[in-house]
Amino acid sequence: MDAEQPSRVGALLREWRQRRRLSQLDLANLADTSARHLSYMENGRARPSRTMLLRLSAALDVPLRERNTLLLAADYAPAYRESSLDDGYMASIRSALDTMLAAHEPYPAVVVDRVWNVLQGNRAMSVLMDGIPPHLLQPRPNVFRLALHPDGLAARLANLDEVRTLFLERLSRQVNATGDTELQRLHEEVSRYPLPSSGEEPRHDPASGHRPSPIQVPLRIRSPFGELAMFSTMATFGAPADVTLAELAIELFYPLDDFTANTLHALSRGQS
């Protein structure tokens with residue numbers, strides 16, 4: 001093995017430990033090793049075994065993709081497969097996604113990858129996607145571009161300032177937690193988006209008649225039917241052993257008030 005490889009894997013281990021704000025002793029205790037041995041691995045004086053790397057990765061909650069990166073840096077084979085959703089191997093996952101998306105109608109639901117590209121959505125997503133220009137849909141729609149680009153949903157959000165702040169904070173936290181360079185580039189891109197062409201950021205008027213909400217920042221979307229208020233939850237697969245599966249998430253939108261629920265049900269009946 002190249003003599004530089006232990007130093008590279010050691011540097012990666014140190015980077016992940018510091019990202020998780022753990023001391024060498026903290027991590028050593030979590031991974032059932034000694035702080036001295038961990039120090040040797042980080043500075044290149046000791047080469048971690050495959051088993052030790054996987055144990056440290058688990059203790060550090062390193063994403064599966066980056067666990068493979070750590071293994072490759074130490075000249076080991078990747079431990080986790082990365083499949084296409086189209087593979088026969090993933091048939092049960094595709095079926096589960098189809099079931100979840102269809103069962104959630106008439107409320108919107110969407111499947112996203114690790115950088116928030118939209119892989120699949122249900123018919124109810126049309127209420128959010130209506131009027132989105134083609135340049136935001138190719139090669140794949142991206143949740144953050146759709147929400148924050150002035151040509152996208154941003155122009156229809158009644159509380160754009162709140163949503164923009166929430167989305168950028170969420171993306172920043174994800175960048176800090178994962179170190180993902182694609183997410184970093186996405187954050188840099190969407191944080192530079194100008195406001196919608198009106199030149200004035202739409203703000204939600206607290207005196208507009210909305211009742212107090214248990215959700216700090218719902219989506220308040222202007223539509224031809226009136227203002228729709230929604231919140232979302234995220235679902236992921238438990239105990240994934242595949243990189244692709246580990247990076248999938250399903251965002252499920254729910255109505256925040258009776259008007260929104262009734263409108264979504266009426267739209268669904270019109271699509272039938």
Side-chain angles (χ1 to χ4, degrees), residues 11-22 26-27 30 56-71 73 78 80 82-83 85 93 97 100 108-121 125 128-129 136-137 139-150 152-154 157 159-193 215-219 230-254:
L12 288 172
L13 283 172
R14 183 184 301 110
E15 180 182 323
W16 278 106
R17 178 177 60 77
Q18 292 172 344
R19 182 172 285 122
R20 298 295 184 250
R21 299 183 179 181
L22 295 172
D26 292 335
L27 178 55
L30 289 171
L56 290 168
S57 296
L60 290 164
D61 194 25
V62 177
L64 299 195
R65 178 180 298 276
E66 300 309 323
R67 295 187 195 193
N68 281 345
T69 299
L70 281 167
L71 290 167
Y80 303 97
E82 183 176 358
S83 307
L85 267 179
I93 303 304
L97 293 173
M100 283 187 281
V110 66
V111 180
V112 297
D113 63 16
R114 83 179 200 280
V115 291
W116 297 88
N117 290 323
V118 175
L119 304 181
Q120 193 174 348
M125 277 298 294
L128 299 178
M129 303 292 285
L136 290 178
L137 303 178
R140 282 191 182 277
N142 180 277
V143 167
F144 282 85
R145 294 187 181 104
L146 291 172
L148 301 182
H149 195 283
L153 195 59
L157 286 174
N159 59 336
L160 174 59
D161 54 338
E162 296 173 331
V163 171
R164 185 176 187 275
T165 297
L166 176 71
F167 272 43
L168 291 179
E169 287 177 352
R170 178 193 296 176
L171 190 54
S172 179
R173 286 196 302 270
Q174 195 174 357
V175 169
N176 292 334
T178 65
D180 192 301
T181 55
E182 284 191 64
L183 285 172
Q184 177 65 46
R185 286 195 293 270
L186 178 62
H187 183 274
E188 291 170 357
E189 175 190 334
V190 300
S191 62
R192 292 195 301 263
Y193 284 163
I215 302 298
Q216 186 178 18
V217 184
L219 288 179
M230 287 184 276
F231 65 96
S232 69
T233 64
M234 300 297 295
T236 58
F237 289 90
D242 186 284
V243 172
T244 300
L245 183 58
E247 295 174 347
L248 287 181
I250 306 96
E251 186 163 19
L252 304 166
F253 294 88
Y254 293 87

Cation-pi check, R170 onto F167 ring (under 6.0 Å, within 45° of axis):
yes
F144 vs V115 side-chain heavy atoms within contact, under 4.5 Å
no
Please determine whether the number of non-hydrogen atoms from other residues, nucleotides or ligands lying under 6.0 Å from atom CD of Q216 exceeds 12.
no
Between S57 and L70, which heavy-atom pair has the shortest distance, and what is it?
OG-CD1, 3.4 Å
Under a 3.5 Å cutoff, is there a donor and acceptor pairing between the side chains of W116 and Q174?
yes
Side-chain donor/acceptor of S172 to backbone N/O of L168, under 3.5 Å
no
Taking C-beta and beyond as the side chain, do E162 and L166 meet within less than 4.5 Å on heavy atoms?
no
Taking only residues two or more places apart in sequence or in another chain, which ones pass side chain to side chain donor-acceptor pair (under 3.5 Å) with D26?
S23
Return the orientation label for the F231 and Y254 ring planes: parallel under 30°, perpendicular over 60°, tilted otherwise.
parallel
Here the gap from E189 atom CD to H149 atom NE2, rounded to the nearest 0.5 Å, amounts to 7.5 Å
Heavy-atom check, side chain of L186 versus side chain of V175, under 4.5 Å
no
Has N159 got a side-chain atom pairing as donor or acceptor with V217's backbone, closer than 3.5 angstrom?
no
Can a donor-acceptor pair be found, under 3.5 Å and without considering hydrogens, that links the side chain of R145 to the backbone of P141?
no
Are R19 and E15 within salt-bridge range, i.e. N to O under 4.0 Å?
yes
Given D242 and I93, is the side-chain contact (heavy atoms from CB on, under 4.5 Å) satisfied, shown in steps?
CA-CA 11 Å; D242 186 284; I93 303 304; over 6 Å; no
Expected output: side-chain R67 to main-chain V62 donor-acceptor under 3.5 Å
yes
Could you tell me which residues satisfy side chain to side chain donor-acceptor pair (under 3.5 Å) with N176, sequence neighbours excluded, listed by chain and number?
none
Do any N or O atoms from the side chain of R20 and from the backbone of L60 form a donor-acceptor pair under 3.5 angstrom?
yes
